[in-house]
Q: 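Would you mind keeping the following structure in view while I ask a few things?
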Amino acid sequence: MPHRLIYDIETYPNCFTFTAVPKDLPWLVTTFEISARKHEGVKLVEFLFKLYEQDAQMVGFNNLGFDYPVIHRLLAAGGKLTAGQIYDIAMAIIRAGADDNDDNRFAYTVWPSDRKVQQIDLFKIHHFDNKARMTSLKAIEFVLRAETIQDLPFPVGTMLSSRQMDELLAYNLHDVLMTREFLLKSEAMLEFRQGLIVRYGDKKDWFNFSDVKIGKELFQMRLEEAEIPLYDYSRHGRTPRQTRRPEIAMEACLPSYLRLESREFSSVAHWLSRQRITETKGVFNDLKVGYRGLAYKFGTGGIHASVSNRVFVSDQERVIVDIDVAGMYPSIAIANGYYPEHLGPKFVEVYREIVAERAKYPKGTAENAALKLAGNGVYGASSDPYSVFFDPLFTMKITLTGQLSIAMLIEHLTAIEGLEVIQANTDGITCQLNRSDLTSFDHITRQWETTTGLTLERAIYNRMFVADVNSYLAEYEDGKVKRIGRYEYNLEWHQDHSALVVPKVAELVLLRGAPIRETVETWPELLDFMIRIKVPRSSKLVLDRSMGALEQIQNTTRYYVAQGGFGLIKIMPPLAKTPTHWRHIRQQAGWRVCVANNINDATLPIDYDFYVQEVEKLTLGMH
């Protein structure tokens, strides 16, 4: 295993710091400083070249986007840059990253072949560079339940005093140690990527690919092996081959086997067949229809419908059945022979081979995981204007085939007397029916599978608690629990882990009959009550202590609702129509809070009433 060193830098007009620790020796701290009081740039360069000789890996958080491009230019200058020069480089990198112009955005990118020391970027691996998943290290510290959540101690651009430089070094080390903690939680992801290097070689930057990118890269490799050209080459470099369309006739996106019998669903298909669109995102997300007492919403993301505030129980007479299409997006493409036009029909053969090969490897193996990623990433990439898979017609064929096929299945199943659809989503249906009708249910689903070429996976629920289309709790026959939306507490890193006591207690209330208040008031884990708030640098967070006295606190803050606490206010820049009026927005309006960025500051008693009310929202009023 290569030697891994976790590092981070800080840049101010008169001070630059570099701090690093080995992964397995976190107490062995190395720091370098460039300021008026010392200039250790040359020593830092010597240190980095030793890492190069050791074939070490430098691990950071957004280091490919910021830290390493700064270091790379310091290396090019032999370490002989001033703190001011480094700061100017850092600001230029930040401005370039915020520029929508592609040429400018990549102006400071250091490509893998040019890096002097290997880089591993946890920000990239976890796909936090995706706008929908964008996550800061401070937010990760909250999820890690760090003892201290520490934001940048001084505004960007501050001229630091000597004392402030010492504070900056302490902050720099704090970030490095937090990055190390995140690295330890990411070890399985690195092992997976190491396995890809062993199998496929190191010509690709596997260590800095997200799972989604790994999937696309593996698929591209298979297409290239099948001699399907992916790029056009010229003296300006390579450009991805794509199929761009001035418009799409939606009629071409409907599957040939589609037969809808109800007036409601057939009207949707008829309307869609007459549309011509010029983009694929959000073009018909408000298409709704009522069918047998349930409202169905069709859109580019799929079909959605759900009852609200309902409880369902399987017993001797009735049973809750959940059915999902196995590997829906790959399966639709393969079953219907869909392919991006510029890649040709051979694309479908490669797709089929990948899916078949994956089935040969047990779940949990690196091979199975890699091939699953290869199969699933193509649908999303087909609407990415930078991808070799780009063909919006292919995108729309898959999404419309999927949701209209689900609508067809709903029609057939609702012919069973007494069957109630609880939910319908992009790739499946949950319903309750008489146990005596399970044979008919199975016959209908098998016929549908034969017609569509898709395969359904079935599960039985003991109980299901549905708040709305986005939030429900379901208990399987074996006692395992499926949590969705507001009931979920095993969240991904980029999601908000605030007040996890609420979904945890709600589950005990619904599944075990636990009393709400008693359970909340005796909950043993203080950190489950914590809430995270983050505001951009253009805004402020303040505590309303008393009599209008406002105290600014750090922009990423951890707090809990507390008795005897203070009001929490977000102050945001003025809107164009009121250019002199800064907006004051109270958080947890009507409640008081205690800030606990240092967990030792959590000294005020928890206001349990707030958390009890939040649990009640998830548990009471269902029938």
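Everything quoted here is computed from the prediction, not taken from an experiment. Both backbone and side-chain heavy atoms feed into the values below; hydrogens, waters and symmetry mates do not.
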Q: Has the side chain of Arg358 got a donor or acceptor atom that lies under 3.5 Å from a matching backbone atom of Leu371?
A: no
Q: Mind running side chain to side chain contact (heavy atoms under 4.5 Å, CB included) on Arg259 and Thr451 for me, showing each step along the way?
A: CA-CA 10 Å; Arg259 299 291 184 274; Thr451 299; over 6 Å; no
Q: Do Leu527 and Ile599 have side chains that approach each other closer than 4.5 Å (heavy atoms only, starting at C-beta)?
A: yes
Q: Asn336 versus Thr401: any side-chain heavy-atom pair under 4.5 Å?
A: yes
Q: Please report whether the ring centroid of Tyr472 lies less than 6.0 Å from that of Phe465.
A: no
Q: I'd like to know whether Gln423 forms a side chain to side chain contact (heavy atoms under 4.5 Å, CB included) with Ile429, so could you lay out the CA-CA distance, the side-chain angles of the two residues, the decisive distance to 0.1 Å, and finally the verdict.
A: CA-CA 6 Å; Gln423 286 187 336; Ile429 305 166; over 6 Å; no
Q: I'd like to know whether Asn555 forms a side chain to side chain contact (heavy atoms under 4.5 Å, CB included) with Lys534, so could you lay out the CA-CA distance, the side-chain angles of the two residues, the decisive distance to 0.1 Å, and finally the verdict.
A: CA-CA 6 Å; Asn555 283 21; Lys534 173 178 170 52; 5.8 Å; no
Q: Would you call Met178 and Ile149 a side-chain contact if the rule is heavy atoms closer than 4.5 Å?
A: no
Q: To the nearest 0.5 Å, tell me how far Lys397 NZ sits from Ile248 CD1.
A: 10.0 Å
Q: Contact between Met464 and Leu473 at the side-chain level, heavy atoms closer than 4.5 Å - yes or no?
A: no
Q: Shortest non-hydrogen contact from Phe441 to Cys431?
A: CE1-SG, 3.6 Å
Q: Between Arg586 and Asp544, does at least one N-O distance fall below 4.0 Å, as a salt bridge requires?
A: yes
Q: Where the side chain of Asn425 meets the backbone of His304, is there a donor-acceptor pair that is under 3.5 Å apart?
A: no
Q: Among Ile531, Val593, Asp607, Leu604, find the one that has a side-chain contact (heavy atoms from CB on, under 4.5 Å) with Tyr560.
A: Leu604
Q: Please determine if Arg145 and Asp528 form a salt bridge, counting it only when a charged side-chain N lies under 4.0 Å from a carboxylate O.
A: yes
Q: Is any side-chain heavy atom of Val355 closer than 4.5 Å to one of Pro330?
A: yes
Q: Using a strict cut-off of less than 4.0 Å between a Lys/Arg side-chain nitrogen and an Asp/Glu carboxylate oxygen, indicate whether Arg310 and Glu420 qualify as a salt bridge.
A: yes
Q: Looking at Arg274, I want to see if its CZ is surrounded by more than 12 non-hydrogen atoms of other residues, nucleotides or ligands under 6.0 Å.
A: yes
Q: Do you know the tightest heavy-atom contact between Ala333 and Ile398?
A: CB-CD1, 4.2 Å
Q: For Glu251, look at atom CD and say whether over 12 heavy atoms of other residues, nucleotides or ligands are found less than 6.0 Å away.
A: no
Q: Between the side chain of Arg318 and the main-chain N/O of Val313, is any donor-acceptor distance below 3.5 Å?
A: no
Q: Mind checking the CE-CZ spacing from Met622 to Phe312? Nearest 0.5 Å is all I need.
A: 10.5 Å
Q: Is there a side-chain contact between Lys288 and Phe298 in this structure, where contact means two heavy atoms from C-beta onward sitting under 4.5 Å apart?
A: no
Q: Charged N to carboxylate O under 4.0 angstrom, Asp129 versus Lys124?
A: yes
Q: What are the two closest heavy atoms between Ala424 and Ile410, and how far apart are they?
A: CB-CD1, 3.9 Å
Q: Judged by modelled atom types alone, do Arg483 and Tyr489 share a side-chain donor-acceptor pair under 3.5 Å?
A: yes
Q: Is it true that a side-chain atom of Ser471 and a backbone atom of Val466 form a donor plus acceptor pair closer than 3.5 Å?
A: no
Q: Is there side-chain contact between Asp437 and Asn434, with at least one heavy-atom pair below 4.5 Å?
A: yes
Q: Taking the side chain from Arg435 and the backbone from Asp315, do they hold a donor-acceptor pair closer than 3.5 Å?
A: yes
Q: Look at atom NZ of Lys372 and say whether more than 12 heavy atoms of other residues, nucleotides or ligands are closer to it than 6.0 Å.
A: no
Q: Please identify each residue that fulfils ring-ring contact (aromatic ring centres under 6.0 Å, His included) with Tyr611, with sequence neighbours left out.
A: Phe529
Q: Walk me through whether Arg512 and Glu475 qualify under salt bridge (Lys or Arg N to Asp or Glu O under 4.0 Å).
A: CA-CA 11 Å; Arg512 305 289 175 260; Glu475 181 186 52; 3.7 Å; yes
Q: Please find the pair of heavy atoms, one from Ser273 and one from Leu254, that lie closest to each other, and give the distance.
A: CB-CD2, 4.2 Å
Q: Any donor-acceptor pair under 3.5 Å linking the side chain of Arg558 with the backbone of Val595?
A: no
Q: Is it the case that the side chain of Ser314 and the backbone of Tyr461 share a donor-acceptor pair, with hydrogens and angles ignored and the cut-off at 3.5 Å?
A: yes
Q: Just by distance, no angles: are the side chains of Thr278 and Glu247 close enough, under 3.5 Å, to form a donor-acceptor pair?
A: no
Q: Under a 4.0 Å N-O cut-off, is there an ion pair linking Lys138 with Glu141?
A: yes
Q: Quick one, Arg486 and Leu618 - any side-chain contact, counting heavy atoms below 4.5 Å?
A: yes
Q: When you measure from the side chain of Thr455 to the backbone N and O of Ala326, does any donor-acceptor pair fall under 3.5 Å?
A: no
Q: Measure from the ring center of Phe394 to the ring center of Phe389 and say whether it is less than 6.0 Å.
A: no
Q: For the atom pair OG1 (Thr395) and CG (Asp384), what is the distance rounded to the nearest 0.5 Å?
A: 10.0 Å
Q: Is there a side-chain hydrogen bond (donor to acceptor under 3.5 Å, both in side chains) between Thr430 and Asp322? Walk through the geometry before answering.
A: CA-CA 4 Å; Thr430 309; Asp322 181 76; 2.6 Å; yes
Q: Could you walk me through whether Gln554 and Leu541 pass the side chain to side chain contact (heavy atoms under 4.5 Å, CB included) check?
A: CA-CA 7 Å; Gln554 63 187 40; Leu541 271 181; over 6 Å; no
Q: Between Leu218 and Ala374, what is the shortest heavy-atom contact and its length?
A: CB-CB, 3.9 Å
Q: Got a donor-acceptor contact below 3.5 angstrom from the Asp496 side chain to the Ser498 backbone?
A: yes
Q: Minimum heavy-atom separation for Phe123 and Asn62, please, with both atom names.
A: CB-N, 3.3 Å
Q: Nearest 0.5 Å please: distance from the OG1 atom of Thr519 over to the CH2 atom of Trp523.
A: 8.0 Å
Q: Are Lys213 and Phe209 in a cation-pi contact, defined as NZ or CZ under 6.0 Å from the six-membered ring centre and within 45° of the axis?
A: yes
Q: Would you please test Phe219 and Tyr351 for ring-ring contact (aromatic ring centres under 6.0 Å, His included) and show each step?
A: CA-CA 8 Å; Phe219 204 113; Tyr351 218 162; 4.9 Å; yes
Q: We want to know whether Ser210 and His126 form a side-chain donor-acceptor pair, criterion being a heavy-atom distance below 3.5 angstrom.
A: no
Q: Please determine whether the number of non-hydrogen atoms from other residues, nucleotides or ligands lying under 6.0 Å from atom NZ of Lys216 exceeds 12.
A: yes
Q: Do Ser405 and Thr452 have a side chain donor and acceptor closer than 3.5 Å?
A: no
Q: Identify which one of Phe182, Phe61, Phe128 satisfies the ring pair (Phe, Tyr, Trp, His ring centres under 6.0 Å) criterion when paired with Trp493.
A: Phe182
Q: Would a distance-only check, ignoring hydrogens and angles, find a side-chain to backbone donor-acceptor pair under 3.5 Å from Thr135 to Arg133?
A: yes
